[in-house]
Amino acid sequence: MGNSKSSTERCPHCHVSGSASSKIRDKVMTRCRRNRTGTCAGCQKLLDIECKIEETRRTLDNLLKEKEALASTLNEHHDPLSYRLPVEITSRIFLQSLPLSSADVETHYSWDYDAKSFIKSVLLLGHVSKYWRKVARGTPKIWSILCLMVNRSNCLNTVLFMREWLELSGGLPLCIQLRVERKQNDVVTAVLQKVVVSLIEHAHRWKMIDFDIPHYLLPWVSSAMPIQQLSCLEHIELGVTSTHSDDLDATSVLSLRASPRWLTQGNIRLSQISINMEHLTHFYSRGSIEMDDCIQLFRDAPRLLTCDIQEVTGHASSNVLVTSPSLQTLKTGELPENWWNSLTLLSLEELTVDEPIDESWMQLHSLLQRSGCKLKVFNIVDTDPNPDMLEVLELTPHLQQLDLYGGIIREPLFSMMNAAASSTPNFLRNLTSLILYVSENAFDWTWLLVFLTTMTTRPESSLRVVIFTYLEPLCDEPIPGTLRDKKTFNLVLDILRNVELSVLDTENADLVELLRNYHKL
């Protein structure tokens, strides 16, 4: 009697909670059978439901496959145009439809694109019809960009997926992006190693690589690389979006027999990247770079044209002056005190400085003096006007474009610049473009207009373009001195009547015309 009752009563051992029913089922049945002579009604019903769910899932998968096959067949009858076009034209149309091309990757120092979205857009071509799939699979250039993300949810399929993708790319040069999730386990690490081994088999075709992998794998990757020169490799991007800083090991080095033209350094020391920098023309740092590494970069890369550095840390271990004969564009962020004293830049044409400390202006003055370069574009991001900045500007008679950002755009700056322009004929004598980015939506134009008057009334004035950008929506109140004040706006139009004026904010691309209508001019 106890047995018949036990088959219908609620089993005390079968408490079920949580949403992962498929994982719970086995535990429930095992526990139930261990503690009872038979399976209770509740557990048996749960088992029956789970079996029905699995059967429904299989049925749904089969129906979706049938739907896809039928849609492909029907699409062939609704797409007569592609059959009439030469395969080469259809392939070109497919390439144009993709959100990212190899040309896009090659002409930008960094790609910032969701790998899943890109892969989906590529595979979508093959889902339309059998003919489209045949053309897509026969177009190697579609498959010459490979974006991989290795994580716990996809690691079992990643290797097979990647190998088929690489096979479809034919023998074309490859642009490869490789990412791995932060939280790893042994399975993910093992799959990642298999992925890297397969990629290395095609290393002779690497044109651009963007690897963000744990730093402890760098020596392993180096040892697995072929001894042949990677002559096709032009762009290396390492650790740009890295989240593996806790794995950072300064002794780990990635060694590649390559002479790239582009190098982007992220969350890794530059000294951990062993390459031939003789042909390097573009360098971008998305993390911090040690002062000694930075000096070594200028020493080892004599053909360097563009350098973008966010932050330099530490101090030079020796007082060595390094000359860069070819550097034309330099963008800097946070710098140590003695950074400018370590360099001579003979060909510098474009310079960006971001909130330099007061001592940096005099050091920059010395650099321009000893370099004798002809600076043509100067971008200044600062919070406070500094009198030493005027002395630097006086050393730039060839300057054609001046960009000013932030809190520096205030009355003291323009009063000092006006005094310099009034007393020194060579001050900004070749300036053709003045570009201002201001954070105050109620910016007072009074002193700016005084300076612009001096610039536009000088003999042989060269100023041709003034672009003024509000980083917030323009203030609606007609405050005196602002563009909402009719008198001030009239003065702006009168003073800059021979200059191309562009005013915009976050909401409008043509505030000049809007303000004309506002003031009924």
Can you find a pair of side-chain heavy atoms, one from Leu483 and one from Tyr470, that are under 4.5 Å apart?
yes

Are Met291 and Asn338 packed together at the side-chain level, in the sense that at least one heavy-atom pair is separated by less than 4.5 angstrom?
yes

Phe468 and Phe443: CA distance, side-chain angles, deciding distance, ring-ring contact (aromatic ring centres under 6.0 Å, His included) verdict
CA-CA 11 Å; Phe468 196 92; Phe443 176 77; 5.1 Å; yes

Please name all residues satisfying salt bridge (charged side-chain N to carboxylate O under 4.0 Å, His left out) with Asp384, sequence neighbours left out, ordered by chain then number.
Arg410

Which label fits Tyr284 and Trp262: parallel for a plane angle under 30°, tilted from 30 to 60°, or perpendicular past 60°?
parallel

Between CG of Leu254 and CH2 of Trp220, what distance do you get to the nearest 0.5 Å?
12.0 Å

Looking at CD of Gln328 and OG of Ser326, how far apart are the two atoms once the value is rounded to the nearest 0.5 Å?
7.5 Å

Cut-off 3.5 Å, side chains only: do Gln265 and Ser285 have a donor facing an acceptor?
yes

As a quick check of understanding, evaluate side chain to side chain contact (heavy atoms under 4.5 Å, CB included) for Thr482 and Thr488, giving each step before the final call.
CA-CA 6 Å; Thr482 68; Thr488 302; over 6 Å; no

Ion pair Glu278/Arg303, N-O distance below 4.0 Å
yes

Kindly compute the distance separating CG (Leu474) from CG (Leu514), expressed to the nearest 0.5 Å.
8.0 Å

Using only atom types and a distance under 3.5 Å, with no angle test, would you say the side chain of Trp165 pairs donor to acceptor with the backbone of Ile145?
yes

Rounded to the nearest 0.5 Å, how far does CD of Glu237 lie from SG of Cys175?
11.0 Å

Mark yes or no for whether Thr432, through its side chain, and Ser462, through its backbone, hold a donor-acceptor pair below 3.5 Å.
no

Heavy-atom nearest pair, Ser144 first then Pro173, reads CB-O, 3.6 Å

Does atom CD of Gln369 have more than 12 heavy-atom neighbours from other groups under 6.0 Å away?
yes

Does some side-chain heavy atom of Pro260 sit less than 4.5 Å from a side-chain heavy atom of His235?
no

Can you measure from OG1 (Thr306) to CG (Leu327) and round to the nearest 0.5 angstrom?
7.0 Å

Please check if the number of heavy atoms outside Asn319 that lie under 6.0 Å from its CG is greater than 12.
no

Tightest non-hydrogen contact, residues Leu230 and His204, listed as CD2-N, 4.5 Å

Indicate yes or no: at least one non-hydrogen side-chain atom of Leu399 is less than 4.5 angstrom from one of Leu428.
yes

Tell me whether Glu359 at atom CD has more than 12 heavy atoms from other residues, nucleotides or ligands lying less than 6.0 Å away.
yes

Angle class for the Tyr405/Tyr437 ring planes (parallel below 30°, perpendicular above 60°, tilted otherwise)?
parallel

Audit row: Leu351, Leu345, side chain to side chain contact (heavy atoms under 4.5 Å, CB included) steps and yes/no
CA-CA 11 Å; Leu351 174 63; Leu345 308 175; over 6 Å; no

Spell out, as yes or no, whether a donor-acceptor pair under 3.5 Å connects the side chain of Thr281 to the backbone of Arg261.
yes

Whether Thr332 side chain and Thr352 backbone form a donor-acceptor pair below 3.5 Å
yes

Determine the minimum heavy-atom distance between Cys232 and Arg205, stating which atoms define it.
SG-O, 4.0 Å

Report yes if the side chains of Phe283 and Leu304 come closer than 4.5 Å at any heavy-atom pair, otherwise no.
yes

Please say whether more than 12 non-hydrogen atoms of neighbouring residues, nucleotides or ligands are located less than 6.0 Å from CZ in Arg92.
no

I need the Ile142 CD1 to Leu95 CG distance, nearest 0.5 Å.
5.0 Å

With the side chain counted from C-beta on, respond yes when Leu233 and Ile275 share a heavy-atom pair under 4.5 Å apart, and no when they do not.
no

Check whether any side-chain N or O of Asp505 sits under 3.5 Å from a backbone N or O of Leu511 as a donor-acceptor pair, and report yes or no.
no

Could you tell me whether a side-chain N or O of Ser288 sits under 3.5 Å from a main-chain N or O of Glu311, the two making a donor and an acceptor?
no

Is there a side chain to side chain contact (heavy atoms under 4.5 Å, CB included) between Met389 and Leu413 once you walk through the steps?
CA-CA 9 Å; Met389 188 188 81; Leu413 171 68; 3.0 Å; yes

Side-chain donor/acceptor of Ser198 to backbone N/O of Lys194, under 3.5 Å
yes

With a 4.0 Å cut-off, would you call Asp354 and Lys331 a salt bridge?
no

Is it true that atom CD of Glu334 has more than 12 heavy atoms of other residues, nucleotides or ligands lying nearer than 6.0 Å?
no

Contact check, side chains of Arg484 and Leu515, non-hydrogen atoms, under 4.5 Å:
yes

So do the side chains of Leu166 and Glu201 get within less than 4.5 Å of each other, counting heavy atoms only?
no

On a heavy-atom basis, the closest approach of Gln229 and Ser259 is NE2-OG, 3.6 Å

More than 12 non-hydrogen atoms from neighbouring residues, nucleotides or ligands closer than 6.0 Å to CG on Asp494, yes or no?
yes

Over all heavy atoms of both residues, which pair between Pro397 and Asn430 is shortest? Give the atoms and the distance, please.
O-ND2, 2.7 Å

Shortest non-hydrogen contact between Asn441 and Glu472, atoms and distance:
ND2-OE1, 3.7 Å

Is there a side chain to side chain contact (heavy atoms under 4.5 Å, CB included) between Ile495 and Trp445 once you walk through the steps?
CA-CA 12 Å; Ile495 293 171; Trp445 280 66; over 6 Å; no

Any side-chain to backbone donor/acceptor pair from Thr396 onto Leu393? Under 3.5 Å, distance only.
yes

With Gln296 as reference, evaluate Asp300, Asp293, Asp292 under the side-chain hydrogen bond (donor to acceptor under 3.5 Å, both in side chains) test and give the passing residue.
Asp300

Look at the side chain of Arg370 and the backbone N and O of Leu343, then say whether any donor-acceptor pair between them is shorter than 3.5 Å.
yes

Taking Ser371 for the side chain and Leu368 for the main chain, is one N or O donor matched with an acceptor at less than 3.5 Å?
no

